[in-house]
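Okay, so here's the structure we're looking at.
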Amino acid sequence: SEMCIRDSYKERPAEAVLDSHAFLLRGAYARQVANGIYSLLPPGFRVVRKIERIIREEMDRIGGQEVLMPVVMPRELWEESGRYMSVGPELVRFKDRTGHDMLLGMTHEEAVVHLCRNELSSHAQLPFMVYQIQTKFRDEPRSRGGLIRVREFTMKDGYSFHATQEDLEAYYRRCYVAYRRIFARAGLPDVVAVESDTGMMGGAVAHEFEFITEVGEDTVVQCDSCSYTANIEVAEGRIEAYRASPLALEKVHTPGKKTIEEVAGFLGVEPRQTAKVVFYGSDREGKLVVLLIRGDLDVNEVKLAKIIQAVPVPATEEEILAAGSIAGFASPMALERKVCRIVVDHTIAESNNLVTGANEEDYHYTNFNLERDLPDIETVDVAEVREGDGCPHCDGKLKMSRGIEVGNIFQLGVKYTQSMEMTYLDANGKACVPIMGCYGIGVGRLMSSVMEAHHDAFGPKWPMAIAPWHVHINALKTQSGGVKEAAERLYADLQAAGIDVVYDDRNERPGVQFADADLLGVPIRLIVSERNLQKGELEYKRRDTDEKGTIPVNGAVEQVQAWIEAGIAALDGAADEIA
């Protein structure tokens, strides 16, 4: 245990913004090797192993079968799915000694289809789910928060295969409950499930599990009246429309007024009475994207990416001029649709008499009405929702929270099984493509999230089920009064009872021992001192509940066992309520 504490981390490390990051280093749970790459020390590794045990139990509970797939894969596997070229630099590509193109797995859809397509032949084998707990590498450009966002990480990823969409949806709901149970058993019962973007994974439906915290990196949108919850990347809202009796289109002189604020102020209107144009380089077919959205709103580029089937990249002035428009005075009217992809947000259709550009230097139009001035244009939702917008499902209002994503589940469909030619024979002998779901939990991220949820100014307060040890023995002044002998006897008795126990035998001052014990966050602290031994007692302090007092030396092991069982039972009870 002496290896686990280092004097240089008595103070908060300068690089640690999050409390969990500071305690990760100060309590010797992990050490950074490179940006976003960590080694785990014994306390951190013990927490991780206990989280993994809970995950395994819950995955096995819903019929999961554990497998292990490689970290390194050949290029050809990812070319089958089309992701070798479509995924950006976060996928690490390299050549082996023979010059063959290889990669480091950041997720394992390709690998699991490769594995299972060689084992699946008949509909009688469906459905099934396999999972692994394995190292991943994603060359994340913005590592932060210790283990919250890293490049190398341990992840539980599971993959299910089904004959029908209905069967996938039924299993998806079972996995949803299993995830809620995992988080509750680990000490995070209030994790919320939110609708999310499918991103590079593909598929139609996805949910993230978010631990709501002020220090979170994600923005979670929730209704104040109903259960609607979504990541801001996909959230929808009811945005108040601006409507008036339609007026005639009129060109007005707006010298040097380019921004929404300048134009609105010059013409004496509100930003919501304007329509702004945002240009993006090209869609999937190479057309310049001309996006029209109300002037008081921001573009949600995740929504836009799905529509144009490309990563939105701001257009250059040269591209804008080539399309016949002028930055700052732009309008989609009169633009050539053969070279432009016009995308109109639904708020433009729901409002009217708007101010928009005239495609002429120093001029704008007033009273733009979409159905009259730009007919036959499809409207879409590309607006980012705001605090206070209406809920899309009820009369409530939307509120924003911050969150840390601790897990995600996807209904992938046939994206991978079809592209990689995975088939089985149905009851009639016909070749069919199985439907997939996938389910992921970041183990280190979950550990850090629990630290964020359960800590005080002095260190983490580990929930009983995942604490590195259940009992921490502090022996004070071991040179006197039989303290050392009593502490070692207690240590041996606890070990014999199968209890996880760490024993601080350094003969340090009480203040030093207790400060280090706070950093280790062990739920039950037993303090052996000459004064209490003379009364046949041990002092205890509960790090998890803040209770303290004394217990008899005789029967201490049995009391500790009862505390441990009650602590774990409370977490399991929260999980049972979810189920």
Side-chain angles (χ1 to χ4, degrees), residues 219 232-233 237 239-244 247-283 287-305 307-308 311-336 340-370 373-374 377 379-389 400:
T219 301
I232 196 169
E233 292 178 341
I239 299 171
E240 184 181 354
Y242 170 77
R243 300 293 295 182
L247 299 174
L249 191 68
E250 182 181 351
K251 184 188 286 188
V252 296
H253 191 217
T254 52
K257 309 302 180 185
K258 292 186 176 183
T259 69
I260 292 296
E261 290 73 19
E262 289 172 344
V263 173
F266 182 76
L267 296 177
V269 298
E270 300 175 27
R272 68 190 182 104
Q273 295 170 261
T274 67
K276 65 182 174 184
V277 174
V278 187
F279 293 93
Y280 292 94
S282 63
D283 67 358
K287 291 184 177 180
L288 180 75
V289 176
V290 183
L291 172 65
L292 188 63
I293 189 170
R294 223 170 65 182
D296 60 327
L297 301 174
D298 291 325
V299 179
N300 183 321
E301 293 189 348
V302 174
K303 292 181 181 178
L304 178 62
I307 294 165
I308 66 173
V311 176
V313 177
T316 64
E317 284 205 27
E318 290 75 15
E319 290 173 319
I320 296 170
L321 284 170
S325 191
I326 300 172
F329 303 94
S331 167
M333 291 185 289
L335 293 184
E336 179 54 64
C340 294
R341 168 80 176 271
I342 299 176
V343 177
V344 179
D345 185 68
H346 67 98
T347 54
I348 296 296
E350 293 161 4
S351 300
N352 66 354
N353 293 347
L354 301 173
V355 175
T356 189
N359 286 331
E360 183 178 341
E361 187 82 25
D362 292 338
Y363 283 93
H364 279 79
Y365 281 116
T366 59
N367 304 324
F368 170 78
N369 287 263
L370 181 70
D373 302 321
L374 197 63
I377 288 286
T379 60
V380 293
D381 177 15
V382 288
E384 188 161 286
V385 300
R386 305 163 299 182
E387 183 96 23
D389 282 344
M400 308 291 188

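Under the side-chain contact (heavy atoms from CB on, under 4.5 Å) criterion, Lys287 pairs with Asp283, Glu285, Arg341, sequence neighbours left out. Applying the ring pair (Phe, Tyr, Trp, His ring centres under 6.0 Å) test to Phe279 and every residue at least two apart in sequence or in another chain returns nothing. Legend: residues meeting side chain to side chain donor-acceptor pair (under 3.5 Å) with Thr254, ordered by chain and number and at least two apart, are His364. Taking the side-chain contact (heavy atoms from CB on, under 4.5 Å) definition, one finds that Ile232 meets it with Thr219, Val221, Glu384, Val385, Met400, sequence neighbours left out. Among residues two or more places apart in sequence or in another chain, the salt bridge (charged side-chain N to carboxylate O under 4.0 Å, His left out) test is passed with Asp381 by Lys303. Remark: Asp373 engages no residue in a side chain to side chain donor-acceptor pair (under 3.5 Å) (not counting sequence neighbours). Contacts of Ser331 classified as side-chain contact (heavy atoms from CB on, under 4.5 Å), with partners at least two apart in sequence or in another chain: Met333, Thr356, Asn359. With sequence neighbours left out, the salt bridge (charged side-chain N to carboxylate O under 4.0 Å, His left out) criterion links Glu360 to Lys251. Tyr242 meets the ring pair (Phe, Tyr, Trp, His ring centres under 6.0 Å) test with no other residue; sequence neighbours excluded. Under the salt bridge (charged side-chain N to carboxylate O under 4.0 Å, His left out) criterion, Glu270 pairs with Arg272, not counting sequence neighbours. Applying the side-chain contact (heavy atoms from CB on, under 4.5 Å) test to Ala241 and every residue at least two apart in sequence or in another chain returns Arg243, Glu350, Ser351.
Shortest non-hydrogen contact noted between Ala330 and Val277 is O-CG2, 3.6 Å. Pairing each heavy atom of Leu292 with each of Ile348, the nearest pair is O-CG1, 3.8 Å. Heavy-atom minimum distance, Asn353 versus Ala244: ND2-CB, 3.7 Å. Ala315 and Leu288 make their closest contact through CB-CD1, 3.7 Å (heavy atoms, listed as atom of the first residue, atom of the second, distance). Between Leu374 and Ile377, the shortest heavy-atom contact is O-CG1, 3.4 Å. Counting all heavy atoms, side chain and backbone alike, Ala383 lies closest to Ile239 at CB-CD1, 4.1 Å.
One N or O on the side chain of Asp345 and one on the backbone of Val382 form a donor-acceptor pair closer than 3.5 Å. Looking only at distances, a side-chain donor or acceptor of Asn369 sits under 3.5 Å from a matching main-chain atom of Asn367. Using a distance-only test at 3.5 Å, with no hydrogens or angles considered, a donor-acceptor pair links the side chain of Asp362 to the main chain of Gly256. Proximity of a side-chain donor or acceptor of Lys276 to a complementary backbone N or O of Leu297 within less than 3.5 Å is detected.
Between His253 atom NE2 and Tyr363 atom OH the span is 4.5 Å, to the nearest 0.5 Å. Considering CG of Leu304 and OH of Tyr280, their distance stands at 6.0 Å, rounded to 0.5 Å.
Residue Glu240 places its CD atom among 12 or fewer non-hydrogen atoms of other residues, nucleotides or ligands, all under 6.0 Å distant.
With contacts defined as side-chain heavy-atom distances shorter than 4.5 Å, the pair Gln273/Leu267 does not qualify.
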For Leu354 and Thr274: C-alpha separation, side-chain torsions, deciding distance, then whether side chain to side chain contact (heavy atoms under 4.5 Å, CB included) applies.
CA-CA 5 Å; Leu354 301 173; Thr274 67; 5.9 Å; no
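Among residues at least two apart or in separate chains, there is no salt bridge (charged side-chain N to carboxylate O under 4.0 Å, His left out) pair with a member in residues 315-329.
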